[in-house]
Amino acid sequence: MHFAHLIVSLQAKLRLIMEKKKYLFVALLFTMVQGVVFTSCGKEDNRVPPQPEPKVYFTLWNQCDALTELKAYVEDVTNPKSSNYISAEDRIATFDMDGTFIGELYPTYFEYNMLEYRALDDPSYKDIAPDDVREAAQNIRDFVRNGTALPSHFDMIHAKAAAKAYAGMTLAEFDTYVKKYAATPANGFKGMTYAESFYKPMLEVFDYLKDYGFTNYVVSGSDRFICRSLVESIGIDPNRVIGMDVCVSSNEQGENVGVDYTMGKNEYLIRTDSLIIKNLKTNKVRQISQEIGKMPVLSFGNSSGDEAMHNYCLSNPKYRTATFMLVADDNERDHADLEEGARREEKWRKNGYTVISMKNDFKTIYGYGVEKTDFVFE
C-alpha cells in the first residue's frame, strides 16, 4: 500500500510540474509575441520616412539674368509672407506659341508651311483650291525659296485663305490633318519632326510654373485648332489655348444663322470659311479679357505681335508682374536672322521686357541630337 501511495503521489507531482511547464511555455510565448509586436510598433513609430529628392528645374538652361529674374519673381509672388503674394487662382501666365516655345524659322510659321503644302502639293486638294488660296500659298513659297517679300498685311491674307483651305473638315479630321503634316521631318533640321520642334528649355518653364501653382495659357496668332493639335503632346489642355478663330457650324446648318437653327443629336461640327479673328496685337488682349477673365501676371513672347499682351500684363494694377521676350540670336543651332534679332533685343529692353537669349541662355534648343541643316526644296 505504501508503494501504491507513493506512485499516486509521484503522479500528482508530475501533473503539477507539467501544468507549470505549460503555463511557463504559454507565458513565454505571449511575452515573445508581445515583444515582437511592440518592438515592431516602436520601430515603425521611430522610423524617419524617406525624404523625396528635391525636384531639379532648368537643367537645359545656362545661368543667366533671365532665369535669375524668373525664379526670383516666382519665389516672391508665391511666398505667403511676401507683400507681393499672389493667390493661386490669380497666377495667370500667357505664352505666345510660334517663336516663343516652338520653332518658327524652318523656314517660316508652321501654319504657313502647312497652307503652302495644302494648296500646292496636297493631291486631294491642290487641283480644287480656290485662286486666292493658291495665290496666298504661292506667296509663301516665293518668300521661302526666293526671298520675295510678302504682300502688305499678309497675316490677314493668310488667315482668310486658311479659313477657306480647310472649310468642310470636321474638327477631328482637321486635327488628324495637322498631326499628319506635323509628323513630317522639319525642313532645315536633321533628327526632328515639326511635331517635335519645341524649344526644350521653354518646356521646363511650363513645368516649373505649373508646380508653383500657375495656370499656363497659350495665346497665339496661329489657328486655335492647330495650336491645340501641336500642344496636346506637352500636356496643355485645349481649354487653355487661345488663337486665330474661324466659325464652326453644324454639318446640316447650311446658310442658317446659329440663333435660328437648332443642331440635331446626330449632327456634328465642321470648319467654315468664315474668319472670326486674327489673334495678334491688341486682339490678343481682347481674347485674354474675354476668355480668361483675369489679367495675366506673367507673359512670354517673341515678336511685335506680343507687345500688347505684355503691356496688358504690366498694367495689372493689383499684382507684381513680369514679362519675357525670346530673341532668335542663334544661327548655329537654329535658323536666325541675326540683324533682326539684335534690333528686337534693343527694342525689348527699352520697353522694359526681360530678354531671353536663345544663343546664350539655352544649353540646347530642340534637344541633343538635333542638327541644323540647309533647307531642302523639291
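No hydrogens, no waters, no symmetry mates; every other heavy atom, side chains included, goes into these values. In this text the structure is predicted, and so the values were computed from the model without any measurement.
From Asp361, atom CG reaches atom CD1 of Ile356 across 7.0 Å, with rounding to the nearest 0.5 Å. Summarising the geometry, atom OG1 belonging to Thr323 is positioned 9.5 Å from atom CD belonging to Glu69; distances are rounded to the nearest 0.5 Å.
Salt bridge Lys126/Asp121: absent, no basic N to carboxylate O contact under 4.0 Å. Using a cutoff of 4.0 Å between basic side-chain nitrogens and carboxylate oxygens, Glu346 and Lys350 are scored as salt-bridged. In this structure, Asp96 pairs ionically with Lys284, as a charged nitrogen and a carboxylate oxygen lie closer than 4.0 Å. For Asp245 and Arg224, the salt-bridge test passes: some basic side-chain N is under 4.0 Å from an acidic carboxylate O. A salt bridge is absent between Glu232 and Arg228: the closest approach of a Lys/Arg side-chain nitrogen to an acidic carboxylate oxygen does not fall below 4.0 angstrom.
Under the 4.5 Å side-chain criterion, counting only non-hydrogen atoms from C-beta, Asp207 is in contact with Lys55. Using a 4.5 Å cut-off on side-chain heavy atoms (C-beta onward), Arg271 and Asp223 make contact. Here the side chains of Asp98 and Ser222 are in contact, with some heavy-atom distance below 4.5 Å. A heavy-atom distance below 4.5 Å is found between the side chains of Asn187 and Val376. Side-chain contact between Met169 and Ile270 is absent, with no heavy atoms from C-beta onward closer than 4.5 Å. The closest side-chain heavy-atom distance from Arg145 to Glu116 is below 4.5 Å. Side-chain contact between Val205 and Phe95 is present, with at least one heavy-atom pair separated by less than 4.5 Å. Inter-residue side-chain proximity for Leu298 and Cys313 is flagged as unmet; no heavy-atom pair is nearer than 4.5 Å.
For Ala159 against Leu275, the heavy-atom pair with the smallest separation is CB-CD2, 3.8 Å. Residues Ala72 and Arg320 come closest through the heavy atom pair O-NH1, 4.3 Å. Lys281 and Ser304 make their closest contact through CG-O, 4.1 Å (heavy atoms, listed as atom of the first residue, atom of the second, distance). Looking at every heavy atom in both residues, Val370 comes nearest to Gly191 through CG2-O, 3.7 Å. Of all heavy-atom pairs between Ala93 and Leu209, the closest is CB-CD1, 4.1 Å. Counting all heavy atoms, side chain and backbone alike, Asp155 lies closest to Lys278 at O-CE, 4.0 Å.
The one candidate from Asp131, Val133, Asn139 that meets the side chain to side chain contact (heavy atoms under 4.5 Å, CB included) condition with Glu135 is Asn139. The side chain to side chain contact (heavy atoms under 4.5 Å, CB included) test with Phe300 singles out one residue from Thr354, Val219, Leu70, and that residue is Leu70.
Between the side chain of Asn251 and the backbone N or O of Tyr268, at least one donor-acceptor pair lies under 3.5 Å. At distances below 3.5 Å, not a single donor-acceptor pair connects side-chain atoms of Arg333 with backbone N or O atoms of Glu371. Distance alone, capped at 3.5 Å, places no donor-acceptor pair between the Asp122 side chain and the Ala119 backbone. The backbone N or O of Lys318 sits less than 3.5 Å from a side-chain atom of Asn316, completing a donor-acceptor pair. Asn62 places a side-chain N or O within donor-acceptor distance of the main-chain N or O of Asn360, the cut-off being under 3.5 Å. With Lys372 contributing its side chain and Glu332 its backbone, the two residues share no donor-acceptor pair below 3.5 Å. Here the side chain of Tyr106 pairs a donor or acceptor atom with the backbone of Gly103 at under 3.5 angstrom. Counting only distance, with no hydrogens or angles, the side chain of His335 and the backbone of Gly188 share a donor-acceptor pair below 3.5 Å. Looking at Glu204, its side chain does come within 3.5 Å of a backbone N or O of Thr59 through a donor-acceptor pair. Of the possible donor and acceptor atoms, none in the side chain of Ser289 sits under 3.5 Å from a partner among the backbone N and O of Val285.
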Going through the distances and angles, do Tyr112 and Phe143 end up as a ring pair (Phe, Tyr, Trp, His ring centres under 6.0 Å)?
CA-CA 11 Å; Tyr112 280 22; Phe143 168 71; 8.1 Å; no
- Task: Please report the C-alpha distance between Glu252 and Ser250 in whole Å, then the side-chain angles of each, then the deciding distance to 0.1 Å, and finally whether the side-chain hydrogen bond (donor to acceptor under 3.5 Å, both in side chains) criterion is met.
- Result: CA-CA 5 Å; Glu252 298 291 344; Ser250 161; over 6 Å; no
Q) What do the steps show when you test Asn302 against Glu104 for side-chain hydrogen bond (donor to acceptor under 3.5 Å, both in side chains), and what is the final call? A) CA-CA 11 Å; Asn302 80 303; Glu104 69 174 0; 3.2 Å; yes
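Under the ring pair (Phe, Tyr, Trp, His ring centres under 6.0 Å) criterion, Tyr181 pairs with Phe110, Tyr117, Tyr194, not counting sequence neighbours. Here Asp175 pairs with Lys179, Ser229 under the side chain to side chain donor-acceptor pair (under 3.5 Å) rule; sequence neighbours left out.
Every pair tested for ring pair (Phe, Tyr, Trp, His ring centres under 6.0 Å) that includes a residue from residues 214-252 fails, sequence neighbours excluded, so the list is empty.
No single ILVMFWY cluster, assembled from side-chain heavy atoms under 4.5 Å apart, contains both Leu60 and Tyr199.
Ring centroids of Tyr125 and Tyr177 are separated by 6.0 Å or more, keeping the two rings apart. Checked against the 6.0 Å centroid criterion, the rings of Phe189 and Tyr366 qualify as a close aromatic pair. Residues Tyr208 and Phe58 place their aromatic rings such that the two centres sit under 6.0 Å apart.
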